[in-house]
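Here the structure is a predicted model, which means the values were calculated and not measured. The residues of the chain are indexed from 1 along the displayed sequence. As the structure lists them, so they are numbered: ligands from 1, and atoms in each ligand from 1.
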Amino acid sequence: MKPLKILIATPEAIPFAKTGGLADVTGALPKVLNRLGCEVRIIMPLYRHVQEGNFNLKDTGIKVSLQIGFREVSASVFEGEANGITAYFLKRDEYYDRKYLYTMPEGDYFDNAERFIVFSRAVIEAIKKLNFKPDIIHCHDWQTGLISTFLKTIYKNDPFFADTKTLFTIHNIAYQGQFPKSHFQLTGLPPDIFTPDGVEFWGNMNLLKAGIVFSDIVTTVSEKYSKEIQTPEFGYGLEGVLQAKKENLFGVLNGVDYDDWSPEKDKFIIAKYDYKDLNGKAKCRQDLLKEYNLNLPDDAPVIGIISRLADQKGFDILSQAMEELMGMNLGMVVLGTGERKYHELFEGLAKKYPKKFGVKITFDNKIAHKIEAGSDMFLMPSKYEPCGLNQIYSLKYGTIPIVRATGGLDDTIQDYDAKTGAGNGFKFKEYSAQILLAKVKEAIKVFSNKREWKRLVQNAMQQDFSWERSAKRYVELYERLCR
Ligand code: ADP
């Protein structure tokens, strides 16, 4: 059989550019698909960050030219490589040569609609010129939502795409790429798709909705979340559209790239370790406390947090719980960027409790690794969580997750049962500060029993969430589309 040809179209991917879990997925998945026999390439915008990185990119000499509203816009195609995977980059400095990917501290870039309309259209034109004819274009999030829309309309009779199908993955339904109707004319799409059955959403253009409606298959990043988003509580207004798509909507849990995220191989941590020998973990804890300038007794657990500082991640209930938490025998380290109110909250706490609370308001991969290895527990009290990666990374590092039962957190963490020893973390249901506090207390109690805690840690570390299983599921879905 001929290998499946897959094009991953994404607004971000490691090692090139990352704002969140999406980049981890689009960086790791292609490697595994490749091992499973697919021919995979990725395509993304050429951001400033990528131009300034040492990625040894080459100009392919290919240029695409697009009609965007009344303007002719061109973009050049660059080529690079990471982990044996060819990556294409669309270069148009007017749009992508900027400090941030989508959002500045003051808010979103005003022309995000245009930036990603151009990207989506340019992807299609670029692969034609590159003569890479994919069986599947696997699109990710609203920034790529129009790719399937273009294919099903403007390119409907284009023989080049006669056998190309689309799969669209939603990483977080709260981010929809909604823009005023006036932007629709930039797309060049037929006006008859600006309807509630098409790309229209309460009078606006909605790019995530476009991706859902026009793609052949839609997936999201955990089984639980695929069900949740079909309800008003989690669907952010798109629950009806998703219910209508339900026959072609699937949950595929994200995997972990253990080359990057395991204490046996981690190049950022001071001492490596595995489940048989945890001595290195104690050294990593010391190193983390030093990094954050904390002074904690050995019997106090360190709780780590690495997160976008947004309401989604549960920081409203956590802020209500903080004073009481600081009264307990524990320490806390936070790494994150996001909403100003949380910057202020955490900086205030660090001043008030300098020995036991530390915060770094920055995006720093190395420190993220140090927190995974050096913490005893990892806290994710999310209001909703499509998949969540850090709780899965934490398991591998023997850093026991304390999570709220939602989305991928619910699918990956089983609440610890002291009687049977079953479970890999601590999980609570009700979204409230009181219940969160009760769960943390329960975790601290288990922590105080060294033997019991060690057994829990060793169990967690032996769990396997590698990409193979999830990538095979994607291949099944790709094959189903090609049949
Ligand atoms: P989301 O994509 O919703 O932000 P995920 O848990 O799916 O959440 O993925 C977050 C990813 O981003 C993880 O790899 C995490 O380690 C990383 N991350 C988040 N904030 C930071 C930060 N401030 N510094 C370094 N890495 C971060």
Side-chain angles (χ1 to χ4, degrees), residues 10-29 49 100-103 105 140-143 169-175 220-222 224-225 229 234 236 251-262 266 268-269 288 291-292 304-315 333-339 342-343 346-347 358-375 378-397 399 401-404 406-413 465 467 470:
T10 178
E12 57 182 87
I14 56 160
F16 303 110
K18 164 168 170 173
T19 68
L22 164 62
D24 291 1
V25 172
T26 49
L29 176 63
H49 186 73
Y100 300 95
L101 267 50
Y102 330 113
T103 310
H140 296 266
D141 275 355
W142 68 264
Q143 293 89 339
T169 299
I170 302 168
H171 293 261
N172 189 334
I173 202 158
Y175 298 86
T220 186
V221 289
S222 69
K224 179 83 186 253
Y225 193 60
I229 55 178
F234 294 95
Y236 281 80
V252 183
L253 190 73
N254 288 336
V256 176
D257 189 339
Y258 288 125
D259 289 340
D260 283 343
W261 294 98
S262 87
D266 197 318
F268 297 112
I269 60 179
L288 178 65
E291 176 79 50
Y292 273 84
I305 292 182
I306 305 164
S307 184
R308 282 186 293 116
L309 302 179
D311 287 339
Q312 175 209 333
K313 301 290 183 177
F315 290 114
V333 294
V334 177
L335 171 67
T337 56
E339 289 175 36
Y342 296 125
H343 295 188
F346 289 131
E347 280 166 348
V359 63
K360 290 186 193 286
I361 305 287
T362 176
F363 197 96
D364 187 321
N365 190 40
K366 182 173 178 189
I367 295 177
H369 283 257
K370 283 176 176 248
I371 293 179
E372 286 295 357
S375 304
F378 196 92
L379 182 59
M380 290 178 83
S382 305
K383 190 175 284 170
Y384 72 91
E385 193 63 72
C387 174
L389 289 169
N390 283 110
Q391 84 280 14
I392 318 181
Y393 300 158
S394 296
L395 291 172
K396 197 49 160 193
Y397 286 84
T399 298
I402 305 174
V403 307
R404 176 159 177 271
T406 181
L409 296 174
D410 202 13
D411 282 353
T412 52
I413 303 303
F465 286 92
W467 260 107
S470 307

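Looking only at heavy atoms of the protein, atom 24 (N) of ligand 1 is closest to Asp364 N, 3.0 Å. Of all protein heavy atoms, the one closest to atom 12 (O) of ligand 1 is Lys18 CE, 3.5 Å.
Judged by the 6.0 Å and 45° rule, Lys370 forms no cation-pi pair with Phe268. In this structure, Lys396 is positioned above the aromatic face of Tyr258, its NZ or CZ under 6.0 Å from the six-membered ring centre and within 45° of the axis.
Comparing Ile392, Leu389, Thr362 by heavy-atom distance to atom 23 (N) of ligand 1, the nearest is Thr362. Of the candidates Gly336, Ala174, Gly21, Gly408, Gly21 brings a heavy atom nearest to atom 10 (C) of ligand 1. Distances from atom 19 (C) of ligand 1 to the heavy atoms of Phe363, Tyr393, Trp261 put Phe363 nearest. In the candidate list Met380, Lys366, Lys360, Arg308, Arg308 is nearest to atom 3 (O) of ligand 1, counting heavy atoms. Taking each of Lys313, His369, His171 in turn, the one with a heavy atom nearest to atom 1 (P) of ligand 1 proves to be Lys313. Across the listed options Asn390, Asn365, Val256, Asn390 owns the non-hydrogen atom lying nearest to atom 13 (C) of ligand 1.
At a heavy-atom cutoff of 4.0 Å, ligand 1 is contacted by the side chain of Asp24 but not by its backbone. Counting heavy atoms closer than 4.0 Å to ligand 1, residue Cys387 contributes nothing at all.
In terms of N/O distances under 3.5 Å, ligand 1 is not approached by Thr19. The N/O atoms of Asn172, backbone and side chain alike, include none that comes under 3.5 Å of an N/O atom in ligand 1.
Ionic pairing of Glu339 and Arg308 is not present here: no N-O contact between side-chain nitrogen and carboxylate oxygen is shorter than 4.0 angstrom. The existence of a salt bridge linking Glu385 and Arg404 is excluded, since no basic side-chain nitrogen approaches an acidic carboxylate oxygen closer than 4.0 Å. A salt bridge does not link Asp311 with Lys383: every distance from a Lys NZ or Arg NE/NH1/NH2 to an Asp or Glu carboxylate oxygen is 4.0 Å or more.
A donor atom on one side chain and an acceptor atom on the other are not found under 3.5 Å apart for Tyr225 and Asp411. Counted by atom type alone, Ser394 and Glu372 present one or more donor-acceptor pairs between their side chains at under 3.5 Å. Side-chain atoms of His171 and Asp141 include no donor-acceptor pair closer than 3.5 Å.
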